[in-house]
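In what follows, a structure is listed as structure tokens, so that the remarks can point back to it.
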Amino acid sequence: MKDNCLKTRFKITRLAVVFIFVAILSVGFEADAQSSLKVPPNINYCATQAQKTLGAIPASGNNLPRNIDNGKTDWRYVNYKDWCSGFWPGILWYLYEGTHDQKWKTAANKFTQELKPLSEYSGFDHDLGFMVFNSFGNGYRLTKDPGYKQVILRSADSLATLFNPKVGTILSWPAMVKKMNWPHNTIIDNMINLELLFWASKNGGSRHLYDIAVKHAETTMHNHFRPDYTSYHVVVYDTVTGKKIQGITHQGYADNSMWARGQSWAIYGFTMCYRETGNAEFLDFAQKVADVYLNRLPADLIPYWDFDDPTIPNAPKDASAACITASALLELSTFVKDKTRAWFYRHKAEAMLQTLSSSSYQSRGTNDAFLLHSTGHHPAGTEIDASIIYADYYYLEALLRREKLQHIKAYHHYKSR
Ligand code: GLY
């Protein structure tokens with residue numbers, strides 16, 4: 001009798017264990033099933049739109065697409081000196097990576113070469129990172145062309161000349177020193193351009209470049225954020241004492257508001273700094289700046305241009321911030337050790353991509369860009385609710401990252417670039 005009772009208990013325990021195991025598995029499957037994002041058709045969509053842009057680009061003069069204003073159908077073109085010049089060549093490299101079609105490689109090389117004079121500039125602007133790394137950086141990653149490498153290394157040395165050791169950051173906008181009386185200014189966007197320095201230091205450049213990038217990230221982590229981990233856009237420093245004078249905005253709603261794209265640059269930047277350094281402080285910080293952003297998103301996960309604009313829900317959205325964040329969260333999800341948290345970031349990113357890939361956000365027949373509804377510089381009244389080239393760049397980057405993640409089970413062995 002006692003024996004039978006023990007056997008029954010044993011069976012029940014075994015059944016319970018099996019049940020719990022199946023339940024855990026099915027939660028995992030459910031999470032997977034929820035993500036019905038189809039990446040290849042969206043990459044093909046980007047290729048179709050880019051082909052239309054290629055066909056419309058002027059043969060000479062300014063020919064790098066920057067934005068299509070709301071209500072217009074044609075790109076506004078800029079030349080290599082514009083901060084957005086690297087995004088179009090970068091898109092072409094990503095299309096080559098995503099489709100393996102040689103025609104994208106040919107086009108990517110043509111437009112990348114247009115940016116070559118940048119390597120001759122000294123102390124230009126922090127944006128050199130965006131311009132050179134998205135074009136030549138992606139080009140070198142995919143072709144190993146030594147000519148590209150030379151441009152990247154020279155540009156990294158040039159960017160490093162803007163570093164002020166007293167402050168511990170790069171001077172982001174030399175032109176604003178006089179214009180705005182901001183003696184040493186650093187903007188949150190500058191975090192992205194540290195990638196150029198990290199790469200150069202590991203590929204033949206000086207170790208000094210690595211140290212500058214780390215110091216810039218550490219100083220920014222300490223001075224650029226409010227206690228709730230929302231970012232200032234600009235921090236102004238005293239060049240003599242190196243001390244912070246004030247945190248302000250230039251492109252946001254107010255000095256103390258959370259400008260959406262600025263917060264996205266922070267999420268992306270600190271995630272990348274963790275990838276390059278392995279410093280756990282950066283990984284922890286990337287999660288903190290991501291969490292405050294995610295906690296305050298509207299239901300469709302695409303932020304208003306500034307989280308504190310009092311006209312919300314009538315304020316314009318910024319799809320570009322969503323694209324940057326989606327790409328960053330996909331990478332962040334590969335580093336976070338806590339599996340539940342890692343899945344949370346990945347699924348948020350996928351849900352963002354799902355919304356961005358819907359008819360509400362894709363441009364489709366409206367114009368030749370990939371996406372609508374980005375906001376560039378709201379206070380200046382420019383690029384409001386527009387198509388902007390960097391939204392397209394990070395959208396495609398995020399799709400490619402998602403594609404690479406698709407088959408990867410062992411998360412922590414994944415390399416995003
Ligand atoms: N880096 C300039 C911007 O995000 O608008």
Side-chain angles (χ1 to χ4, degrees), residues 64-70 76 78 80-88 90 118 124-135 137 155 159 162 169-176 179-180 182 185-196 216 220 224 230-235 248-254 257-270 272 289 293 302-307 309 315-328 369 371 373-395 397-398:
L64 297 161
R66 168 159 174 164
N67 68 282
I68 305 174
D69 279 328
N70 193 327
R76 180 172 76 87
V78 292
Y80 72 91
K81 292 179 193 164
D82 188 275
W83 85 271
C84 293
S85 61
F87 293 114
W88 172 243
L118 289 173
F124 170 66
D125 192 291
H126 80 108
D127 285 326
L128 206 51
F130 281 110
M131 297 150 100
V132 168
F133 208 61
N134 297 342
S135 52
S155 304
L159 180 59
L162 294 173
T169 66
I170 288 164
L171 167 65
S172 301
W173 284 332
M176 295 297 210
K179 193 172 166 197
M180 302 296 284
W182 293 342
N185 59 77
T186 298
I187 64 172
I188 192 61
D189 328 28
N190 202 144
M191 285 298 298
I192 310 304
N193 298 318
L194 305 182
E195 194 169 9
L196 172 69
H216 180 107
T220 299
H224 230 98
T230 59
S231 176
Y232 291 106
H233 182 200
V234 188
V235 171
I248 51 178
T249 198
H250 186 60
Q251 280 167 258
Y253 172 72
S257 66
M258 178 160 62
W259 174 48
R261 197 164 53 260
Q263 198 70 19
S264 306
W265 293 137
I267 301 166
Y268 194 108
F270 283 101
M272 177 272 295
V289 296
Y293 173 103
I302 313 300
Y304 294 95
W305 75 282
D306 190 299
F307 284 74
D309 181 337
K317 292 283 189 99
D318 183 12
S320 78
C323 298
I324 296 160
T325 303
S327 186
L371 298 175
H373 307 314
S374 291
T375 295
H377 196 333
H378 194 283
T382 54
E383 297 178 320
I384 297 176
D385 195 16
S387 292
I388 309 182
I389 196 73
Y390 44 83
D392 291 6
Y393 176 88
Y394 288 103
Y395 174 60
E397 179 183 273

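Whatever order the structure lists them in is the order used to number ligands and atoms, beginning at 1. Values in this document were obtained by computation on a predicted structure and should not be read as measured data. Any value given below was found using the heavy atoms of this structure, including those in side chains, with hydrogens, waters and symmetry copies removed.
Contacts of Gln251 with ligand 1, taken as heavy-atom pairs under 4.0 Å, involve the side chain alone.
Residues that satisfy the side chain to side chain donor-acceptor pair (under 3.5 Å) test with Thr230, not counting sequence neighbours, are Arg226, Asp228. Applying the side-chain contact (heavy atoms from CB on, under 4.5 Å) rule to Asn193 yields the partners His126, Asp127, Phe130, Leu159, Asn190; only residues at least two apart in sequence or on another chain are considered.
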For this session: Dump the intermediate steps for side chain to side chain donor-acceptor pair (under 3.5 Å) on Asp189 and His233, then the final yes or no.
Result: CA-CA 8 Å; Asp189 328 28; His233 182 200; 3.2 Å; yes
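Residue Asp189 approaches ligand 1 through these ligand atoms, each under 4.0 Å from one of its heavy atoms: 1 (N), 2 (C), 3 (C), 4 (O).
Protein heavy atom closest to atom 5 (O) of ligand 1, with residue, atom name and distance, is Arg261 NH2, 2.6 Å.
Geometrically, ligand 1 and Trp83 share no nitrogen or oxygen pair separated by less than 3.5 Å.
Taking the six-membered ring for Trp and the full ring otherwise, the centers of Tyr253 and Phe307 sit at least 6.0 Å from each other.
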